[in-house]
Structure formats: C-alpha cells, structure tokens
Amino acid sequence: MDAVILAGGKGERLGRLTSNTPKPLIKIGNKPLLEHQIFLLKRSGVKNLWILSGHLGDQIEDYFEDGERWGLRIHHLTEAVPLGTAGAMKQLELLVKDDFVLFSGDVMLDIDLYRLTKFHKAHKGSVATIVVHPNDHPFDSDLVETDTNNQVISFLVRKDKVHPKSLLFKNLTNAGIFIFSPEIFKYIKKKEKSDLEKDIFEAVLKSGGKIFAYNTPEYLKDVGTIARLKRVRADYSSGKITRLNLKNKRKAIFLDRDGTINEHDGTHNVRFSSFKLYPFTAQAIKKINKSDFLAIVITNQPAIAKGFIRVEELDRIHKKMETELGREGIKVDAIYYCPHHPEKGFYRELAELKINCSCRKPKIGMIRQAVRDFNIDLNSSYFIGDSTVDAECAKRAGLKFIAVETGYGLSDGRYAVPEDTVVTRNLYRAVSMLL
C-alpha cells in the first residue's frame with residue numbers, strides 16, 4: 001500500500017515557530033515530526049510515499065530528498081496555489097491506482113497500521129476509512145457520527161473555531177489519518193479548492209458511498225497549538241507515545257454505568273431527562289485519562305428489551321454523558337452495552353431482544369469484545385461497580401474488583417461476594433486507590 005502525507009499547512013497558531021519552518025519539520029525529540037511519521041510507515045511495510053507540500057515545501061524536499069536514507073521511495077509534489085486538503089490529493093489521481101493511507105502532516109502518532117489496514121479490508125466497498133478517537137478537546141475538533149456497525153452517518157464539522165455549547169455529541173474525533181480507495185478521486189474536482197472534511201466526505205455520503213470509522217485509543221495528537229506541541233514533546237520523552245501502540249497489551253479500568261458513574265433509582269430505567277453524573281465522576285475519569293489505563297464503560301441496559309426506552313434514547317444518554325465529560329476535557333475510551341433481557345412478560349417488550357445472550361453481565365461478552373478491540377491484558381486490569389452482578393462479572397473475567405457504596409452498594413443480593421472484597425465510598429475513591 002502506498003502512503004500520502006499532507007504537509008502543506010502553515011501552522012499559524014504556532015506563531016514564530018513556523019514563521020521560517022514548515023510545521024511538519026518542527027522537532028519532536030531529535031527528529032522532525034514528519035520523520036517520525038516516515039519511520040512508522042517504513043516499519044509498517046510502506047515502500048512508496050507521496051509528500052504533498054505547499055508553504056515552505058522546498059525545505060521538506062531538501063530534507064527528505066528521494067527517501068533513500070529511510071529505505072522507501074519519496075515523491076514530492078508542491079502546490080503553487082493552495083487548493084485545500086482534497087484539492088492537493090487530486091494531483092495523485094493518475095499516479096495512485098490502489099488503496100492508500102494518508103496522514104495529516106501535523107499529527108504525532110504511533111499506531112498499528114496492520115490492524116487499521118485489516119479493518120479497512122474487512123469493509124468491502126468502502127470509499128474511505130477514517131481513524132477516530134475520543135479526545136480531551138472535542139469542542140474544537142471535527143467530530144464523526146457513526147452507527148452500531150462503525151459506518152459513518154454524518155460529520156460535525158466546526159463552523160467556526162469551536163462547536164456551539166449546545167451541541168450534543170459522541171466524542172469521536174477525526175484524527176487526520178485515513179485509508180482511501182482510488183474511488184475517492186471521482187468526488188474531487190480538478191483545480192478547485194476543496195477540503196476532505198467540509199466538502200468531499202459529505203458528497204460521498206450523499207451519493208450513497210460508504211465510509212467507516214476505525215476507533216483506536218492509540219497515540220494520535222495534532223501539534224497545532226503551542227500547548228499541544230509541549231504536551232506531545234513531554235509524551236515522547238516519557239515513552240508514552242510508543243507504549244500506547246496496540247501492538248502492546250493495554251491496561252483497562254472497566255466501569256459500570258448506573259450507580260457508579262451516574263445516579264439511578266434501582267429500576268434500570270434511567271431516562272435522558274433524568275440522567276445525571278455524580279459530582280465526583282469527571283475527576284475520577286480524569287485520573288484514568290492521565291494514566292496508561294483505558295476507561296471503558298460496560299453496562300446492562302435491559303430497559304431496551306423491556307420496551308421502556310428505545311436505542312435512540314440510549315444513544316442520546318451516552319452522548320449527554322460524553323458531552324458533559326468533554327466540557328471538562330475528559331473522555332471515555334469506549335462504551336459497551338447489552339440491550340437484552342431473558343425474562344418475558346413486559347407490555348412493550350421486543351421479542352428479538354428477549355434472549356439468553358452472552359453479553360449480559362455477569363457474563364463477560366462485553367469484556368471479551370473490549371479485549372479484542374483494544375488488546376487488553378485482563379491480569380493487569382480492574383473493574384469498578386456497585387452491584388454483586390458486577391463483582392461476579394469481574395470474577396468470571398479474572399479482573400480485580402473494587403465495589404463502590406453508591407448505587408446498589410452491593411445490596412442487590414444476586415451473587416455471593418467474597419468477604420475480602422474491597423469496598424470504598426465512590427468512583428473517585430476507587431480510582432484513587434488504584435492510581
């Protein structure tokens with residue numbers, strides 16, 4: 001697979017740092033950002049790379065030349081007139097004949113490209129795969145809306161520099177990493193300025209083309225501001241960037257939802273209008289975000305099978321949770337829910353969901369899916385919850401368990417709990433014990 005790097009941005013928000021230096025040549029450690037990307041591509045088996053530059057592009061070409069020093073072939077194309085991210089890509093229409101990976105030249109990353117490529121190939125007929133991730137600044141990021149099969153249904157592109165405060169969203173940020181089919185070129189008009197996010201992706205969806213989102217917790221951070229550049233440099237120095245690659249086993253803290261993250265009345269019938277995070281939740285998850293642990297929510301939602309709420313309302317509830325956390329610069333890495341319930345006899349129940357499934361806690365189907373998705377090491381991971389069902393689920397999965405006194409506070413009596421089970425006041429106290 002060929003690779004393309006868009007390296008034409010001016011980097012105006014970086015001030016004097018980019019007045020005489022193109023943003024992709026800013027150093028992270030002892031190497032330019034673009035060189036880190038090239039090393040990743042080389043490790044991933046890429047042989048042929050196109051660098052599309054504009055502003056101060058001659059410096060990029062002088063530094064990398066034909067790529068011989070890095071063991072791959074580098075081709076340079078420099079725009080005389082900026083035509084946007086899509087307009088720049090159009091230059092490759094007659095040069096690239098197969099699927100190709102594209103990086104934005106201002107993103108520091110270390111991801112498992114083999115895993116990404118496998119995902120793309122599994123979704124046949126896809127015009128594009130977009131790499132997405134939850135991040136800690138969603139209000140000034142372009143966001144992606146997906147269905148339960150990871151197919152993109154819409155894009156939330158910032159009209160100004162930030163989204164309106166009233167926006168309700170799923171925290172999935174466009175990371176600026178893509179795999180494209182050559183079919184993408186037919187949506188781009190020659191010699192016309194256009195951007196992938198603002199123009200082309202919308203055109204693909206309107207025409208019925210398929211775009212899929214690949215969600216990863218790996219390190220992906222743009223260096224578009226001084227603060228982010230400083231953070232990226234610190235993360236590089238600490239080794240965090242490499243540690244988060246999914247080739248490495250990851251640690252996770254699994255979180256129950258109702259009674260642990262948010263208030264509930266014990267009826268499993270939390271509605272959008274009554275959904276309320278505990279006042280300590282944001283700071284607890286913030287602690288997880290600052291660590292190398294993933295924050296993964298797993299929740300039984302039998303109200304769907306019973307007909308009490310619809311999937312659409314559950315989706316709005318989770319958007320509300322992610323939006324409120326996002327305002328505080330906090331994220332959860334994934335949410336898994338079980339909509340099933342085995343018992344029949346509810347007035348508006350959905351027959352197809354009244355089954356004895358493998359995902360309803362204390363069964364561990366949701367945990368197993370998370371392990372597949374994120375290469376999680378269960379031996380070094382934890383579960384925090386409020387019920388004996390959570391305790392039994394943790395036991396079956398081989399997870400260390402901490403109970404909280406909120407919600408059920410282990411009073412549901414469904415399963416026996418060992419006497420030495422650790423019980424603490426709330427989620428914040430539990431996370432603080434672990435970290």
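- Counting only heavy atoms from C-beta outward, the side chains of Phe103 and Val131 never approach each other to under 4.5 Å.
- Partners of Ala391 by side-chain contact (heavy atoms from CB on, under 4.5 Å), not counting sequence neighbours, listed by chain and number: Phe401, Val417.
- Counted within 6.0 Å of CZ on Arg396, heavy atoms from surrounding residues, nucleotides or ligands total more than 12; the atom is thus considered enclosed.
- In terms of the side-chain contact (heavy atoms from CB on, under 4.5 Å) criterion, residue partners of Glu349 (sequence neighbours excluded) are, by chain and number, Lys344, Phe346, Lys354.
- Cation-pi geometry between Arg250 and Phe374 is not met: the NZ or CZ atom fails to fall both under 6.0 Å from the ring centre and inside 45° of the normal.
- Between Phe293 and Phe383, the distance from one ring center to the other does not fall under 6.0 angstrom.
- Aromatic ring centroids of Tyr408 and His264 lie under 6.0 Å apart.
- In this structure, Phe169 has its ring center under 6.0 Å from that of Phe139.
- No close placement of the Phe212 and His120 rings is indicated, their centers lying 6.0 Å or farther apart.
- In summary, the aromatic rings of Phe178 and Phe201 are positioned with their centroids under 6.0 Å apart.
- Side-chain rings of Phe100 and Trp50 stay apart, their centers remaining 6.0 Å or farther from each other.
- With sequence neighbours excluded, no residue forms a side-chain contact (heavy atoms from CB on, under 4.5 Å) with Lys124.
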